[in-house]
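First up is the structure itself, then whatever we jot down about it.
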Amino acid sequence: MLFQIQISRMKTSNVIWVGNYSTVVKRDPVLHWSWKSELPLECATHFVRMRSRVDDAKIPEPRFWSNWSSWKEADAQKSLGRDPLFLFPKDKLVEEGSNVTICYISRNQQDNISCYLEGQQIHGEQLDSNVSAFKLNKVSFIRKTGTNIFCKVDQKDVIKGIVLFVSKVLEEPKDFSCETQDFKTLMCTWDPGTDTSLPKRSSQSYTLFESFSGKKILCEHKNSCNWQVDSDSQEMYNFTLMAENALGNRSVSVLFSLTHRVHPKTPYNLFLKNVSGTKATVTWKVHPIGNYSTLLCQLDLLGEGNVIQQHNVSIKENGEYLLSELEPDTEYMARVRCADANHFWKWSGSISQKFVTAEAAPSEALDVWRNVKSVSGHPTVTLFWKPLSKLHANGKILSYNVIVENLDRPSRLEVHSVPATANGTELTLDQYSYQIHVTALNSAGPSPASVIVVSGDPGNEEAEEERINGTEDGFSVSWKPQSRKAIGYVVEWCDHPQDLPCDLQWKNLSSNTTSTVISSGAFRPGVRYNFRIYEISTERMANLLEKKAGYLKELAPSDNPQVVVSNLTSHSFTLSWKDYSTDSQPGFIQGYYVYLRSKAEKECHPGFKKATLSDKSACCQHRIDNPEQKTFVMENLQPESVYEFLVTPYTSAGSGPVDTFTKVTTPDEYSHILIRIILPMIICVLLIMITCYLKSQWMKEKCYPDIPDPYKSNVLSLIKSKENPHLTIMNVSDCVPDAIEVIHKPEGSKIQFLGASKSLTETEFTKPAYLYLLPAEKNYSGPGPCICFENLTYNEAAADSGSCGHFPVTPQAPPSQPGPLTSPENLLKALEKNYMNSLGEIAAGEASVNYVSQLASQMSGDKDGLPTNPPEPVHCSEYKMQMAIPLGLASPPPAENSGLSSTTPLDQSEHYR
Amino acid sequence: MKVLAAGVVPLLLVLHWKHGAGSPIPITPVNATCATRHPCHSNLMNQIRNQLLQLNSSANALFILYYTAQGEPFPNNLDKLCSPNVTDFPPFHANGTEKARLVELYRIIAYLGASLGNITRDQKVLNPNALSLHSKLNATVDVMRGLLSNVLCRLCSKYHVAHVDVAYGPDTSGKDVFQKKKLGCQLLGKYKQVIAVVAQAF
């Protein structure tokens, strides 16, 4: 029977689907047919009706449709509760990329409802007043735990939600294949692809179906399945693998012959036997496959991870192979895998075994070089050699043997053993030629000897240095052969010329080579590399041929020389930087720039040109093209001016830093002249002063002795000759003391005297007793109140003036004593008065005896002559009071008293004594 | 009220296991003597208080972990989706006698234990990677199991109460996933609210 079915939505007239369903109808049949609605059935009423027709070829045409059945209504909304909002479908599971329709039913038409998917509002289509539907096209997988979709009624606490589960697409199994290792079991494997499992939904399952036998098994694993081979009768197999989950299935098939799917098991018992330096025997076993199967085994020999040899061996069960052409003392690995020799399908797993071949004597001579230098007059040879490569060492080097043979004087050979860790040794020789043999030793024996001849006389090791340019590849070095006897050449250099040791390197070159490229990973820009080319003679002696120097890349100098300023004058100064080494710079120094700037001068001197510095300031620049010229004279400068200069070297890459200028101030133009005059004068004065100081005693005695010798006085003779031929020098014996003054004062008055000098007038003073020793002539009317004698040596000035001038008597007389002091009383009074004043002045209260000495100043023969003219200024000598005073009160020392006799400027009154 | 066998039965078996376990909890006759399998802890009330405090201190973190793991719209609509309006939740009167409070506590913890068991089971399926949430749910259920045992011990030893009628929350096994998430969130919100009151009462 054929059934035609119509489905309507919302109303019967709205037919949304028409389809046919054909089935065999038996008696009392209950037929089942299902239809999946895209729109959840809860959201809309659906109607269904059908009609039927005979669908049997036996029944001839025409076949007529029955009448339509009545519409049957499916209304799920009636069974819903009274909640204000419903959202459908719940927990829907769909495949990624499919379309999904969701809908909500609202009980209140007035409610404003908004729906969201992953936080984003979604907009749908209103099916009727209460129902809206949202169509989600090509939904994507977000997470296994599902996606919340919710709707909420605005301004009400109502949220309804559903969870949509989107599954990954079920993939077709990939790489499906089956194979056997023993003709008993077939193992089928595949790549399952993406896991489609979800919460509450298990992952996809796999079923294996073999069409020839009709057997079917459910696989336990997601990526493999074991199939039991029942008998030898079935050769061909047709397998279908079907993957299935809740949303669908995928399948893949494979057809094969069992004998073409043999995958042997991994070989076992791999051993190495009879391992020598160059050979080894490998043995292994395999699991047998059937009775007549032959396996093809592949034997690989690996060294340092690379396949060195590969051999194929056909075996039944036991395999053996002799490996040859091995290197001594080398680690190898033997690896074996096998496959079916008749129908190759797959290699088995591999088995491998490491082994090390035995040692052999080193196969190559050492590469030896030497450096000869003289230490304390003895030539010292430093030998260097490069370690033998693993290929040539043939084992672990235990030591090096150095044998030294004197070529000039036959003698015993010197044998030196050098530890294996060393790459050289040092030998002290004498002035002979030596042949040196160097060999490397391992446990199997020595290497061939490396021979080098060293002359005790280094000879002329100098050669002119040439400059070469470096490139990215290194230094291109070429040379001119000097003799045809050369058996080779050696180029020598240091990888680190600025270090000690400098890491000497050398390169051996054949005799027909005249150029080479020296390259090294150690070469750096801005470092000067020196190359020496040696010619190796037939006697194996090295002779210096040429010297080269170059930079991989020249750099601008990084430092400026230390410049010394000298010969500074008002118009010039000299700059010198003789300590600057041009050899240790980051490039060949081509010359120097001398910069000069001055605020005083705007124009540049001849030889200079204007230049602008990096800071935009202007200065003058002079270029020196000779790198060996390390002095420069700045001329034509202004006196008393400030100049700034800078000297910077330059290479082909540029000049040094132009940063710090040095200031120089030119001196005044005349200052040097002043210095030439003033300085000698100062020196002369100093010399005179020093001489005077050193001869001060002599000068003093000559010019102004403490006690002048009147007889030595030139004045005397002068006076004698000019004025008074009778004038002679007074003898001491001619002096007659004229008075002794005895003072007695009571103790009580001492305090008064000590109190203040002014109180003396108010105190009753005991009048001292005087013993008057003046000459008997009471009416003596001398030339004044004092007695003078003339000591011309002592007071030349007085002698010249003819008067002492210190005693103008009249105006000095106190008013209380208006009378002349010619009488003894007056004189006594005057003396008394002045004496009392003197006591007060010097506080001589302790004194008990004073004496006044007046020396007769005149020669006896001249007594009458002198006072004859009283009004005239009296020629007088200074009159000195001599007192016995206590030591404590005698403030001026006696020497000073004597010195003061002529120079102390006393008051006029104090001269009255 | 439905009893959720899958989540509750293991809990009840542990709590009430004895010879012949597996049968329903017998209703103790009014004058029947109460016997415990092990002597009760000497400082039982203190133990109960500490367990309540422990539950109270972790309740909020558990709530946050839960609603965060459910994804939108839960974290931003707590008032609509996680409001603690669980209608059949056992009552608690803080001013009652100790006996009455212990009986009410027993009912609450039994209710919560069963509900948390259901939530734990659901979350292991719905959020298999939310290990922190699973751990905290398990820890809470463990503490509740010990608390229930202690409360029963106290009731039995001091008040000779051997049986308390308990009620359990709604069975969520037949609910859709969104509804399960919502019910779990409401229950944990209610738990956070109630446990604070109960801990304060003891």
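On a predicted model such as this, the values are computed, not experimentally measured, just so you know. Residue numbers begin at 1 in each chain, while the letters A, B, ... track the order of the sequences.
Remark: Lys182(B) NZ is packed, more than 12 non-hydrogen atoms of other residues, nucleotides or ligands lying under 6.0 Å away. Around the CD atom of Glu73(A), the shell of radius 6.0 Å holds more than 12 heavy atoms that belong to other residues, nucleotides or ligands. Atom CD of Gln120(A) has 12 or fewer heavy atoms from other residues, nucleotides or ligands within 6.0 Å.
Remark: Asn148(A) CG to Phe74(B) CZ distance equals 6.0 Å, nearest 0.5 Å. With rounding to the nearest 0.5 Å, the separation of CZ in Arg143(A) from CG in Asn127(B) is 9.5 Å. In this structure, the separation between CG on Asn77(B) and OH on Tyr116(A) is 9.0 Å, given to the nearest 0.5 Å. Here the straight-line distance linking atom NZ of Lys80(B) with atom CZ of Phe150(A) works out to 9.0 Å at 0.5 Å rounding. Lys160(A) NZ to Leu81(B) CG: the interatomic distance, rounded to the nearest 0.5 Å, is 10.0 Å.
In this structure, no portion of Lys124(B) lies under 4.5 Å from any heavy atom of chain A. Only the backbone of Ile162(A) comes within less than 4.5 Å of a heavy atom in chain B; its side chain stays farther off. Of the two parts of Phe165(A), only the side chain, counted from C-beta on, holds a non-hydrogen atom closer than 4.5 Å to a non-hydrogen atom of chain B. Within the 4.5 angstrom heavy-atom criterion, only backbone atoms of Gln70(B) (N, CA, C, O) approach chain A. Heavy-atom distances place the side chain of Lys152(A), and not its backbone, under 4.5 Å from chain B.
Only one option out of Val163(A), Leu164(A), Thr145(A) pairs with Val177(B) in a side-chain contact (heavy atoms from CB on, under 4.5 Å); it is Val163(A).
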